[in-house]
Enquirer: 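One structure follows; several queries about it will come next.
Residue numbers start from 1 in every chain, and the chains themselves are labelled A, B, ... in the order their sequence lines are given, proteins ahead of strands.
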Amino acid sequence: MNDAQALRVRFAPSPTGYLHVGGARTALFNWLLARKAGGRFIVRIEDTDTDRNVEGAIPKIIEDLRWLGLNWDEGIEVGGPHAPYLQSQRLDLYRAAVTKLLETGQAYYAFDTSAELEAMREQAMAEKRNFRYPRPERFPDESDMQQARAAGKPVVVRFKMPGEDITVHDEVMGQVTIKADELDDFIIVKADGMPTYHLANVTDDGEMQINFVVRGQEFLAQTPRHIALQRALGYPTPRYAHLPLIMDMKGRKLSKRDGDVEVFSFRQAGYLPETLVNFIALLGWSPGMQREQFSLSEIVEVFDTARVNRANAKFDRDKLLAFNTDYCASLGEDRLLEAFTDWLSINPDSSLAKANLDESSRRTLLHVNKGFRLFPDIEKKSGFIYLPDEAIEYDPQAVKKVLAKNDGEGFAMLRMLLPQIEATAPWTHETLEALIANVCQSHGAGMNKVAQPIRVAVAGTTVSPAIYDTLVMLGKEKTLNRIRRALATVQ
RNA sequence: GGCCCCAUCGUCUAGAGGCCUAGGACACCGGCUUUUCACGCCGGCAACGCGGGUUCGAAUCCCGCUGGGGUCACCA
């Protein structure tokens with residue numbers, strides 16, 4: 001494959017907020033296509049809306065993409081032959097394009113105020129017809145423009161649509177033709193002088209030689225405008241693939257405000273990037289086999305736009321959670337440790353993060369919590385271990401059920417156990433197991449009667465890792481302290 | 001409302017005219033396992049939106065209806 005034919009795709013987020021799962025999926029599909037074809041994946045930032053740009057959004061988006069494992073060959077931060085990759089730094093390019101369009105009569109100045117446009121739209125709506133911007137008989141010239149500007153009117157530039165039906169050959173949606181009378185003259189330069197999305201996007205795709213545009217279906221209706229613009233500007237029309245949308249469980253388009261759909265919030269909630277990427281790949285695409293666990297590199301091998309669905313998909317968190325459970329169980333220990341460490345670093349308020357665990361403790365935690373679904377499960381189940389002894393709070397339900405019931409049967413067990421625990425040495429899984437087995441036998445009691453009172457005494461609740469693991473991690477001294485404290489303070 | 005797109009279990013989906021008594025996964029419901037909680041294992045419930053065609057035969061093709069979504073910005 002020579003350079004001219006090499007696949008060039010891009011992900012072009014605007015820095016209006018953090019990366020959410022919809023954007024992540026678009027990025028993923030583009031990345032997949034590039035990796036599969038040996039092409040280039042480009043990340044460009046579309047920040048032409050000065051009002052909506054959010055401070056700090058760009059580094060967050062970059063961080064989220066990296067966390068997902070989607071690296072790019074050209075673009076923001078990494079640079080490349082078409083730098084800069086930030087639209088606000090490419091204004092000369094758009095200006096040149098507009099000048100060309102204006103000079104060739106393919107664009108014209110317009111001076112309507114928002115209120116005037118609004119009124120025209122309302123009237124069209126009232127008359128039940130589609131609003132189309134009324135193109136003037138004669139296009140205003142430079143002096144008209146200067147005059148309008150002097151008079152304080154807003155000056156925008158509109159693109160003159162060619163007035164013909166335009167067909168999009170979409171690799172997911174098929175052929176979609178939009179009639180000429182559905183397409184009116186749209187704005188390409190705003191009153192503040194900034195290009196609109198349409199102009200900047202088409203210009204950049206052209207300049208950066210993007211030859212395959214993969215984006216959400218909400219852009220399908222805009223594509224004929226882009227195609228018209230490409231023709232006017234002399235850029236080839238790229239291949240197109242419009243992806244079905246991701247909806248929330250109520251069936252509405254996933255929106256940033258609608259709960260925690262941001263990539264970062266999943267990271268913070270203890271999901272693995274492997275989970276998110278795998279799950280998101282399956283939203284609108286299927287490998288066509290009865291298997292759904294795929295690593296990124298496995299998906300690269302089998303991915304194909306021909307297998308992309310046309311129907312919108314709902315984002316089901318239950319299934320995502322199940323996916324994460326599977327990944328937590330199947331990923332290698334080192335990878336899990338890495339992800340767990342990352343989770344601790346972005347959750348500094350958790351008691352586990354505060355405990356400043358060394359690597360071996362983190363590994364142990366991972367090991368004794370096998371079967372966990374999310375990293376916070378480890379926190380919930382084992383966080384008590386690293387609390388100061390005095391900070392253990394006793395759950396009344398647990399106390400009642402395990403210690404107080406049957407005339408304080410549990411308390412009695414603890415009192416009986418205390419000297420034996422004091423005598424236990426060395427403090428290992430084996431010696432503890434021998435101790436408890438011995439007590440069970442001599443008292444004719446089940447494990448429950450022995451392990452649960454200890455658990456409640458040291459953890460305050462009925463939930464903890466396996467009792468021997470728990471005690472070994474706690475250490476003899478803390479175990480004894482907590483049992484004594486439970487006997488002294490809990491009734 | 002105009003235009004465009006879509007339509008298989010509650011959800012993600014397999015299915016490209018006979019292999020479908022419609023498969024898998026999640027969720028849900030039983031059971032098993034078990035020192036707690038999880039995990040795991042086994043089983044069960046559960047769908048081709050409706051109506052017309054085409055065909056020997058339709059979840060699969062065509063039309064209509066209904067339903068859902070997107071879009072009609074000086075947002076992307």
Side-chain angles (χ1 to χ4, degrees), chain A residues 12-16 46-49 51-52 110 112-114 117-118 121 124-132 154-158 168 170 172-174 176-179 181-184 186-192 194 196-198 200-201 215-222 224 242 244-245 247 249 251-253 279 282-293 309-323 325-326 328-329 369-373 377 380-381 398 402 433 436 440 446-452 454-456 459 461-468 470:
Chain A
S14 60
T16 52
E46 307 211 327
D47 60 342
T48 53
D49 186 342
D51 291 341
R52 293 189 195 212
D112 316 84
T113 64
S114 303
L117 288 168
E118 181 86 10
R121 276 193 202 97
M125 197 69 116
E127 291 167 19
K128 292 199 169 194
R129 57 183 172 78
N130 204 16
F131 171 73
R132 298 194 70 224
V155 175
V156 303
V157 178
R158 283 186 183 262
V168 183
D170 192 275
V172 169
M173 304 307 294
V176 179
T177 300
I178 306 290
K179 294 275 195 319
D181 59 12
E182 291 296 325
L183 303 162
D184 66 351
F186 60 95
I187 293 175
I188 54 177
V189 179
K190 308 180 221 178
D192 67 357
M194 291 294 275
T196 58
Y197 157 73
H198 304 290
N201 184 269
R215 76 227 302 195
Q217 233 171 67
E218 72 261 37
F219 293 102
L220 183 59
Q222 310 290 355
H242 285 90
L245 270 16
M247 327 289 277
M249 283 310 276
R252 288 185 306 228
K253 185 174 153 188
F279 184 74
L282 261 21
L283 249 31
W285 172 81
S286 157
M289 27 180 142
Q290 315 243 59
R291 199 232 311 186
E292 21 186 50
Q293 297 268 315
N309 268 284
R310 300 218 263 239
N312 294 162
K314 291 191 178 119
F315 190 82
D316 183 358
R317 286 160 188 280
D318 286 334
K319 184 147 182 168
L320 178 70
L321 217 209
F323 258 59
T325 308
D326 291 341
C328 287
N369 280 283
K370 276 215 166 78
F372 71 96
R373 321 196 78 184
D377 293 346
K380 279 181 220 142
K381 197 162 153 178
V402 176
E433 191 169 350
I436 291 178
C440 284
M447 270 299 278
N448 260 317
K449 297 287 182 197
V450 187
Q452 281 301 76
I454 300 176
R455 197 181 323 266
V456 173
T461 72
T462 55
V463 177
S464 89
I467 196 66
Y468 311 121
T470 301

Enquirer: Expressed in angstrom and rounded to an integer, what is the separation of Gln217(A) atom CD from rA76(B) atom C1'?
Expert: 17 Å
Enquirer: When the distance from NZ of Lys370(A) to P of rC37(B) is rounded to whole Å, what number comes out?
Expert: 20 Å
Enquirer: What's the closest nucleotide to the Leu220(A) side chain, out of rA27(B), rC4(B), rC6(B)?
Expert: rC4(B)
Enquirer: Assign Pro154(A) to base, sugar-phosphate, or nothing according to its heavy-atom contacts below 4.0 angstrom with the strands shown.
Expert: base
Enquirer: CD of Gln452(A) versus P of rU36(B): gap in Å, rounded?
Expert: 7 Å
Enquirer: Identify whether any heavy atom of Arg310(A) sits under 4.0 Å from a base atom; if not, whether one sits that close to sugar-phosphate; answer base, sugar-phosphate or nothing.
Expert: sugar-phosphate
Enquirer: Identify which nucleotide among rU71(B), rG69(B), rC5(B) has an atom closest to any side-chain atom of Met173(A), counting heavy atoms from C-beta outward.
Expert: rC5(B)
Enquirer: When you look at Asn201(A) and Arg215(A), which way does the side-chain contact (heavy atoms from CB on, under 4.5 Å) test go after all the steps?
Expert: CA-CA 12 Å; Asn201(A) 184 269; Arg215(A) 76 227 302 195; 3.9 Å; yes
Enquirer: Name the pairing partner of rC28(B), where a pair is Watson-Crick or G-U wobble with both distances under 3.5 Å, or state none.
Expert: rG44(B)
Enquirer: When all nucleic acid strands are considered with a 4.0 Å heavy-atom cut-off, which category describes Phe323(A): base, sugar-phosphate, or nothing?
Expert: nothing
Enquirer: Between atom NZ in Lys314(A) and atom P in rG69(B), what is the gap in whole Å?
Expert: 9 Å
Enquirer: Under a 3.5 Å cut-off for both contacts, is rU71(B) paired Watson-Crick or G-U wobble with anything, and if yes, with which nucleotide?
Expert: rG2(B)
Enquirer: If you look at every strand shown and take non-hydrogen atoms under 4.0 Å, does Ala311(A) touch a base, only sugar-phosphate, or nothing?
Expert: sugar-phosphate
Enquirer: Contact class for Gly284(A) (heavy atom, under 4.0 Å): base, sugar-phosphate, or nothing?
Expert: sugar-phosphate
Enquirer: Could you give the distance separating rA58(B) and rG18(B) at their C1' atoms, to the nearest angstrom?
Expert: 9 Å
Enquirer: Rounded to whole angstroms, how far apart are CG on Leu245(A) and C1' on rU71(B)?
Expert: 11 Å
Enquirer: Where the side chain of Asp316(A) is concerned, which of rU35(B), rG10(B), rC39(B) is the nearest nucleotide?
Expert: rG10(B)
Enquirer: Need one value for Glu46(A): base, sugar-phosphate or nothing, where a base atom within 4.0 Å counts as base even if backbone is also close, heavy atoms only.
Expert: sugar-phosphate
Enquirer: Decide yes or no on side-chain contact (heavy atoms from CB on, under 4.5 Å) for Lys381(A) and Phe372(A), but give the supporting numbers first.
Expert: CA-CA 9 Å; Lys381(A) 197 162 153 178; Phe372(A) 71 96; over 6 Å; no
Enquirer: Nearest nucleotide by nearest heavy atom, which residue falls closer to the 5' end of RNA chain B, Gln290(A) or Val156(A)?
Expert: Gln290(A)
Enquirer: Counting only distance, no hydrogens or angles, is the base of rA27(B) paired donor-acceptor with the side chain of Lys319(A) under 3.5 Å?
Expert: no
Enquirer: Please report, rounded to the nearest Å, how far the P atom of rU71(B) is from the NE2 atom of His198(A).
Expert: 12 Å
Enquirer: Return no unless some side-chain N or O of Gln222(A) is found under 4.0 Å from OP1 or OP2 of rC72(B).
Expert: yes
Enquirer: With rounding to whole Å, what would you report as the distance between rU66(B) and rG57(B) at their P atoms?
Expert: 29 Å
Enquirer: Does Lys319(A) come within less than 4.0 Å of Asp316(A), counting only side-chain N to carboxylate O?
Expert: no
Enquirer: Side chain of Ala313(A): nearest nucleotide among rU11(B), rC74(B), rU13(B)?
Expert: rU13(B)
Enquirer: Mind checking if Pro244(A) touches a base, just sugar-phosphate, or nothing, with heavy atoms under 4.0 Å?
Expert: nothing
Enquirer: Please evaluate residues Ser464(A) and Arg455(A) with respect to the criterion side-chain hydrogen bond (donor to acceptor under 3.5 Å, both in side chains), reporting the C-alpha separation (whole Å), side-chain torsions for both, the decisive distance (0.1 Å), and the verdict.
Expert: CA-CA 7 Å; Ser464(A) 89; Arg455(A) 197 181 323 266; 2.9 Å; yes
Enquirer: Answer with base, sugar-phosphate or nothing: what part of the nucleic acid does Ser286(A) contact at a heavy-atom distance below 4.0 Å?
Expert: sugar-phosphate
Enquirer: Can you tell me the Watson-Crick or wobble partner of rA7(B), both distances under 3.5 angstrom?
Expert: rU66(B)
Enquirer: I'd like the C1' distance from rC42(B) over to rG53(B), given in whole Å.
Expert: 46 Å
Enquirer: Once you apply a heavy-atom cut-off of 4.0 Å, does Met247(A) come out as touching a base, just sugar-phosphate, or nothing?
Expert: sugar-phosphate
Enquirer: Base, sugar-phosphate, or nothing: which does Val176(A) touch, judged by heavy atoms less than 4.0 Å apart?
Expert: sugar-phosphate
Enquirer: Please measure how far the C1' atom in rA73(B) lies from the corresponding atom in rU13(B), and state the result in whole Å.
Expert: 36 Å
Enquirer: OP1, OP2 of rC39(B) versus side-chain N and O of Arg373(A): anything below 4.0 Å?
Expert: yes
Enquirer: Passes side-chain contact (heavy atoms from CB on, under 4.5 Å), Asn369(A) versus Asp377(A)? Steps please.
Expert: CA-CA 8 Å; Asn369(A) 280 283; Asp377(A) 293 346; over 6 Å; no
Enquirer: Under 4.0 angstrom, heavy atoms only, what part of the nucleic acid is Ile467(A) near: base, sugar-phosphate, or nothing?
Expert: base
Enquirer: Would you check, one step at a time, whether the test side-chain contact (heavy atoms from CB on, under 4.5 Å) holds for His242(A) with Val172(A)?
Expert: CA-CA 6 Å; His242(A) 285 90; Val172(A) 169; 5.7 Å; no
Enquirer: Look at all strands and tell whether Asn309(A) reaches a base, only sugar-phosphate, or nothing, counting heavy atoms closer than 4.0 Å.
Expert: sugar-phosphate
Enquirer: Is Thr48(A) touching bases, backbone alone, or none of the nucleic acid, heavy atoms closer than 4.0 Å?
Expert: sugar-phosphate
Enquirer: Whole angstrom is fine here: how far is it from CD in Glu182(A) over to P in rG2(B)?
Expert: 11 Å
Enquirer: Quick check: are there more than 12 heavy atoms from other residues, nucleotides or ligands sitting under 6.0 Å from NZ of Lys449(A)?
Expert: no
Enquirer: If we take the C1' atom in both rA14(B) and rG70(B), what is their distance in whole Å?
Expert: 26 Å
Enquirer: Taking the minimum atom-to-atom distance to the side chain of Phe219(A), which one of rA76(B), rC74(B), rU35(B) wins?
Expert: rA76(B)
Enquirer: Once you apply the 3.5 Å cut-off to both distances, tell me the Watson-Crick or G-U wobble partner of rU60(B), or none.
Expert: none
Enquirer: Taking rC61(B) as the reference, what is the distance to rG2(B) when you measure between their P atoms (whole Å, please)?
Expert: 27 Å
Enquirer: Would you say Arg52(A) places a side-chain N or O within less than 4.0 Å of OP1 or OP2 belonging to rA73(B)?
Expert: no
Enquirer: Nearest to the side chain of Met447(A) - rG1(B), rA73(B), rU35(B)?
Expert: rU35(B)
Enquirer: Using atom CH2 of Trp285(A) as one end and atom C1' of rU13(B) as the other, report the distance to the nearest whole Å.
Expert: 12 Å
Enquirer: For the C1' atoms, the ones on rG40(B) and on rU34(B), what distance do you get once it is rounded to whole angstrom?
Expert: 11 Å
Enquirer: Between rG51(B) and rG67(B), how far is it from one P atom to the other, in whole Å?
Expert: 16 Å
Enquirer: Taking pairing as Watson-Crick or G-U wobble with both contacts under 3.5 Å, can you name the mate of rU33(B), or confirm there isn't one?
Expert: none
Enquirer: Respond yes when some side-chain nitrogen or oxygen of Lys190(A) is under 4.0 Å from OP1 or OP2 of rC75(B), and no when none is.
Expert: yes
Enquirer: Nearest to the side chain of Arg455(A), heavy atoms from C-beta on, is which of rG69(B), rC74(B), rU35(B)?
Expert: rU35(B)
Enquirer: Ignoring the backbone of Asp318(A), work out which of rC39(B), rC26(B), rC74(B) is nearest its side chain.
Expert: rC26(B)
